2 protein chains.
Amino acid sequence: MTGGKSPPMKGIRQLAEHLDISIGTVSRALNGKPDVNEETRRRVLVAAEELGYVANQSGRSLRQGTTNVIGLMIESSKETTENGDNFFLGLTGGLQSVLSRHKLDLIMLPCPSDEDPHEYLKRMVARRVVDAMIISATQRIDKRIDLLSRTKIPFVTLGRSASGSNYPWIDLDFDGVANSAVDRLVAHGHRRIAIAAPSNDINLGFIFLDGYRHALERHGIAFDPSLVIRVKSSEQGGYQAAHEILLLEDRPTAVILIYELMAIGLYRRLTEAGVIPGRDLAVIGFREEPRAKFLQPTLTCFRMSLPDLGVELAETLLATMPAYSHFYPEGARNCIWPLELVPGESDGFHLGNNGQRRQ
Amino acid sequence: MTGGKSPPMKGIRQLAEHLDISIGTVSRALNGKPDVNEETRRRVLVAAEELGYVANQSGRSLRQGTTNVIGLMIESSKETTENGDNFFLGLTGGLQSVLSRHKLDLIMLPCPSDEDPHEYLKRMVARRVVDAMIISATQRIDKRIDLLSRTKIPFVTLGRSASGSNYPWIDLDFDGVANSAVDRLVAHGHRRIAIAAPSNDINLGFIFLDGYRHALERHGIAFDPSLVIRVKSSEQGGYQAAHEILLLEDRPTAVILIYELMAIGLYRRLTEAGVIPGRDLAVIGFREEPRAKFLQPTLTCFRMSLPDLGVELAETLLATMPAYSHFYPEGARNCIWPLELVPGESDGFHLGNNGQRRQ
DNA sequence: ACGCACTCCGTAAACGTTTACGATCCTATG
DNA sequence: CATAGGATCGTAAACGTTTACGGAGTGCGT
């Protein structure tokens with residue numbers, strides 16, 4: 001029933017002429033400004049709906065200096081691409097539930113793999129295509145944070161950098177995960193626990209390793225550098241990790257993986273060597289994902305709610321934006337996001353020998 | 001070394017004043033227009049780089065009526081979010097490799113799960129935030145196609161609808177996949193082949209089933225409606241499918257899944273019943289994905305190159321855009337994207353009994 | 001009758017670009 | 001020398017909005 005007669009609507013001017021009202025009043029009516037008769041407002045809204053008029057974003061942005069768009073930057077590195085994108089999609093639901101309340105739209109900005117993320121971000125920011133930014137995969141030292149602070153673009157990062165802490169970030173509780181994993185394994189009698197993590201450049205890996213060391217310390221277990229396997233967070237990395245573990249003289253009885261995707265490669269290499277995960281080597285992975293459910297034996301790993309994390313990110317971001325901060329007086333920032341352990345079979349707890357070798 | 005002295009650059013006017021050149025000339029210099037001295041152009045470019053000037057997108061869009069942004073709409077349905085997939089991110093690389101050649105940027109537009117995709121698209125289109133659209137998950141009858149055609153926004157769909165065929169689309173070769181799967185199973189002696197597919201509303205399922213029927217026909221096998229299992233394309237759907245298959249009186253010896261994620265649920269239910277995939281029931285899945293590699297026995301499925309598909313999509317889209325069509329004179333449209341079979345163990349071919357029961 | 005306050009609306013400027021048009025200068029050609 | 005024409009640049013209009021400002025009308029109290 002709607003629309004279909006006049007040319008598809010050029011702009012607010014046509015709408016004003018059609019109503020025989022001034023263009024300024026139409027704008028005020030549409031934007032809920034006070035100085036307009038309720039009856040006229042109704043007429044305007046009806047006509048707008050009828051003719052399918054929606055304000056041109058460029059004109060509006062140009063005038064207001066604001067775009068009403070929040071950008072979620074995702075760098076489609078080769079790894080990310082392989083890993084899958086349900087992480088970001090999982091986030092969007094929660095993000096949008098908060099943003100839409102303020103009539104803000106979310107767009108995802110995939111950084112081309114052949115472009116420097118810093119340059120890409122710079123371009124996007126300079127072009128003023130978004131009002132604020134959410135960035136992830138934070139490096140230990142990340143130029144993007146300086147850029148955003150310097151240009152005064154509101155932002156929040158998923159993952160903290162090592163640099164100054166005076167910016168809003170949210171990070172996963174890698175420390176807690178490492179501690180919890182070690183605790184669980186030690187309680188099961190394990191003393192030689194390996195860890196597979198990427199280079200320390202990724203802050204994630206750094207914190208993870210740190211938590212691991214502290215947990216060992218807490219249990220009076222000496223830290224053995226040879227048990228730190230440096231591999232990529234991928235299937236191949238997992239294969240490589242298993243390979244190196246098998247070569248160790250005093251072979252560990254357990255291994256903690258920083259990423260569940262590594263488990264598939266690890267399983268494969270172990271199986272080749274006749275070593276059965278869960279029985280001969282306890283395995284704990286990091287994140288629960290649909291994929292992890294494919295594994296046999298099922299992987300013990302950690303779960304988090306992506307939608308809830310999205311909500312937290314959005315609220316933290318809005319709290320830093322002058323136009324919206326009064327909605328979020330707490331200004332909650334620098335949150336460490338908890339994860340919950342999901343028991344599986346890969347740590348061997350389901351087997352009879354839940355030996356309380358706790359000396 | 002770059003930037004850092006003057007206030008972060010307001011606009012082209014400041015740049016012009018700084019150079020003591022008229023604003024028009026600066027614009028022409030930056031945009032590579034001919035009427036400008038090469039020496040001045042150099043000066044302008046240098047100064048722009050130095051001061052970190054990048055044209056404001058809103059101003060530019062408003063004047064030119066073009067945004068230089070291509071939108072990839074992704075609807076984050078509950079299934080997509082939960083399932084986890086690398087599909088869209090896998091596409092972006094190929095898309096961008098083509099788009100960046102024309103200085104076009106790609107943004108991903110995630111439709112909120114609580115908003116009608118059609119309304120969402122309408123909003124985005126009306127606001128003129130993108131020059132063209134790529135939409136996916138096409139329904140058999142999809143209002144979005146009418147909307148885009150009516151408003152004359154260039155677009156390409158991934159997946160064809162049942163309606164008029166006079167628009168650019170690219171679709172996966174479900175027909176070929178179904179045929180190839182049936183051929184393979186029949187060559188192995190199977191006669192009772194089940195298929196698990198979603199409702200016919202999804203055009204994908206419709207075409208898949210159609211290919212399946214034709215393939216059976218070709219081999220002189222009667223179509224048995226009871227072998228068509230209608231379930232959701234998810235893990236639960238797979239479980240459900242296995243359950244229903246096990247209940248059938250004249251149990252099929254093989255099953256074709258429309259989505260590899262179903263395999264995990266299917267495997268689980270089969271294992272519960274003591275039926276071993278690959279030995280007692282041949283299984284062929286649809287799409288190769290990192291997570292399919294988690295399965296034991298490995299899944300026979302079909303592979304495609306997502307980056308290449310992205311390239312094809314981008315080129316098809318550009319071919320329909322007046323400003324770029326001359327780069328793609330073929331105007332290639334309506335392409336059916338081929339897939340390649342990846343042999344695994346789940347179809348039992350690796351076992352000795354590659355029985356040539358071919359009557 | 002006058003002024004004041006209030007409601008409602010129209011006018012026009014401004015946002016940052018791009019670009020059509022015309023002006024200026026220079027060179028070559030007659 | 002006059003002039004045509006090319007090279008280079010400046011001027012100003014236009015894109016579609018929003019919004020500060022002021023004007024017209026109305027009602028009310030004095």
Side-chain angles (χ1 to χ4, degrees), chain A residues 7-45 47-48 51-69 103 123 125-131 323, chain B residues 7-45 47-48 51-69 103 123 125-131 323:
Chain A
M9 176 73 6
K10 274 279 186 57
I12 200 176
R13 173 161 286 112
Q14 304 225 345
L15 183 54
E17 286 176 4
H18 176 262
L19 285 165
D20 205 44
I21 295 184
S22 97
I23 158 180
T25 304
V26 173
S27 173
R28 277 191 298 267
L30 290 174
N31 293 21
K33 292 299 164 65
D35 272 13
V36 46
N37 187 317
E38 280 311 320
E39 164 61 12
T40 358
R41 188 194 304 280
R42 199 190 51 75
R43 277 180 57 215
V44 172
L45 289 178
L51 303 186
Y53 168 79
V54 180
N56 176 306
Q57 186 59 37
S58 302
R60 171 193 286 252
S61 301
L62 183 55
R63 172 61 217 236
Q64 308 197 120
T66 192
T67 65
N68 292 335
V69 173
K103 294 197 180 301
R123 211 155 49 89
V125 163
R127 281 165 54 159
R128 297 269 134 76
V129 70
V130 293
D131 285 347
Chain B
M9 177 71 8
K10 274 283 185 58
I12 201 176
R13 172 161 285 113
Q14 304 226 344
L15 183 54
E17 285 176 5
H18 176 262
L19 285 166
D20 205 44
I21 295 183
S22 98
I23 158 180
T25 305
V26 173
S27 173
R28 278 190 298 266
L30 289 174
N31 292 21
K33 292 297 165 67
D35 273 12
V36 46
N37 187 317
E38 280 310 319
E39 164 61 11
T40 6
R41 186 193 304 279
R42 200 191 50 76
R43 279 181 55 215
V44 171
L45 290 177
L51 303 187
Y53 169 79
V54 180
N56 177 306
Q57 186 59 37
S58 302
R60 173 193 284 253
S61 300
L62 184 55
R63 171 61 217 235
Q64 307 196 123
T66 190
T67 64
N68 293 334
V69 172
K103 295 197 179 302
R123 211 155 48 89
V125 163
R127 281 165 53 155
R128 297 268 133 77
V129 69
V130 294
D131 286 346

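Worth saying up front: this structure is predicted, and the values here are computed from it rather than measured.
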For [N], does either OP1 or OP2 sit under 4.0 Å from a side-chain N or O belonging to [X]?
| X | N | value |
| --- | --- | --- |
| A:Tyr53 | D:dT17 | yes |
| A:Asn56 | D:dC15 | no |
| B:Lys10 | C:dG16 | no |
| B:Thr25 | D:dC9 | no |
| A:Lys33 | D:dT19 | yes |
| B:Arg60 | C:dT18 | yes |
| B:Ser27 | C:dT18 | yes |

So [X], base contact, sugar-phosphate only, or nothing? Heavy-atom distance under 4.0 Å.
| X | result |
| --- | --- |
| A:Thr40 | sugar-phosphate |
| B:Ile21 | sugar-phosphate |
| A:Asn37 | sugar-phosphate |
| B:Gly65 | nothing |

Rounding to an integer number of Å, can you tell me how far [X] [atom1] sits from [N] [atom2]?
| X | N | atom1 | atom2 | value |
| --- | --- | --- | --- | --- |
| A:Gln14 | D:dT17 | CD | C1' | 15 Å |
| B:Asn31 | C:dT19 | CG | P | 7 Å |
| B:Asp35 | C:dT18 | CG | P | 16 Å |
| B:Gln57 | C:dG16 | CD | P | 15 Å |
| A:Leu30 | D:dG16 | CG | C1' | 13 Å |
| B:Arg28 | D:dT8 | CZ | C1' | 8 Å |
| A:Arg43 | C:dC8 | CZ | P | 14 Å |
| A:Gln64 | C:dG16 | CD | P | 13 Å |

What distance do [X] atom [atom1] and [Y] atom [atom2] have between them, rounded to the nearest 0.5 Å?
| X | Y | atom1 | atom2 | result |
| --- | --- | --- | --- | --- |
| A:Arg127 | B:Asn56 | CZ | CG | 10.0 Å |
| A:Leu62 | B:Arg60 | CG | CZ | 13.5 Å |
| A:Glu17 | A:Ile12 | CD | CD1 | 11.5 Å |
| A:Thr67 | A:Asp131 | OG1 | CG | 3.5 Å |
| B:Gln64 | B:Gln57 | CD | CD | 8.5 Å |

Legend entry - side-chain hydrogen bond (donor to acceptor under 3.5 Å, both in side chains) between B:Ser61 and B:Ser58, intermediate numbers included: CA-CA 5 Å; B:Ser61 300; B:Ser58 302; over 6 Å; no
Legend entry - Contact nearer the 5' end of DNA chain C, comparing A:Ile23 with A:Pro34: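 Result: A:Pro34.
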Legend entry - Options C:dA14, D:dG10, C:dT17, nucleotide nearest the side-chain atoms of B:Ala55: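 Looking only at side-chain atoms, B:Ala55 lies closest to C:dT17.
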Legend entry - Nearest listed nucleotide, side chain of A:Ile12, among C:dA20, D:dT18, C:dC9: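 Nearest to the side-chain atoms of A:Ile12, counting from C-beta on, is D:dT18.
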Legend entry - Under-3.5 Å donor-acceptor pair between B:Arg63 side chain and C:dT18 base: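 Pair found.
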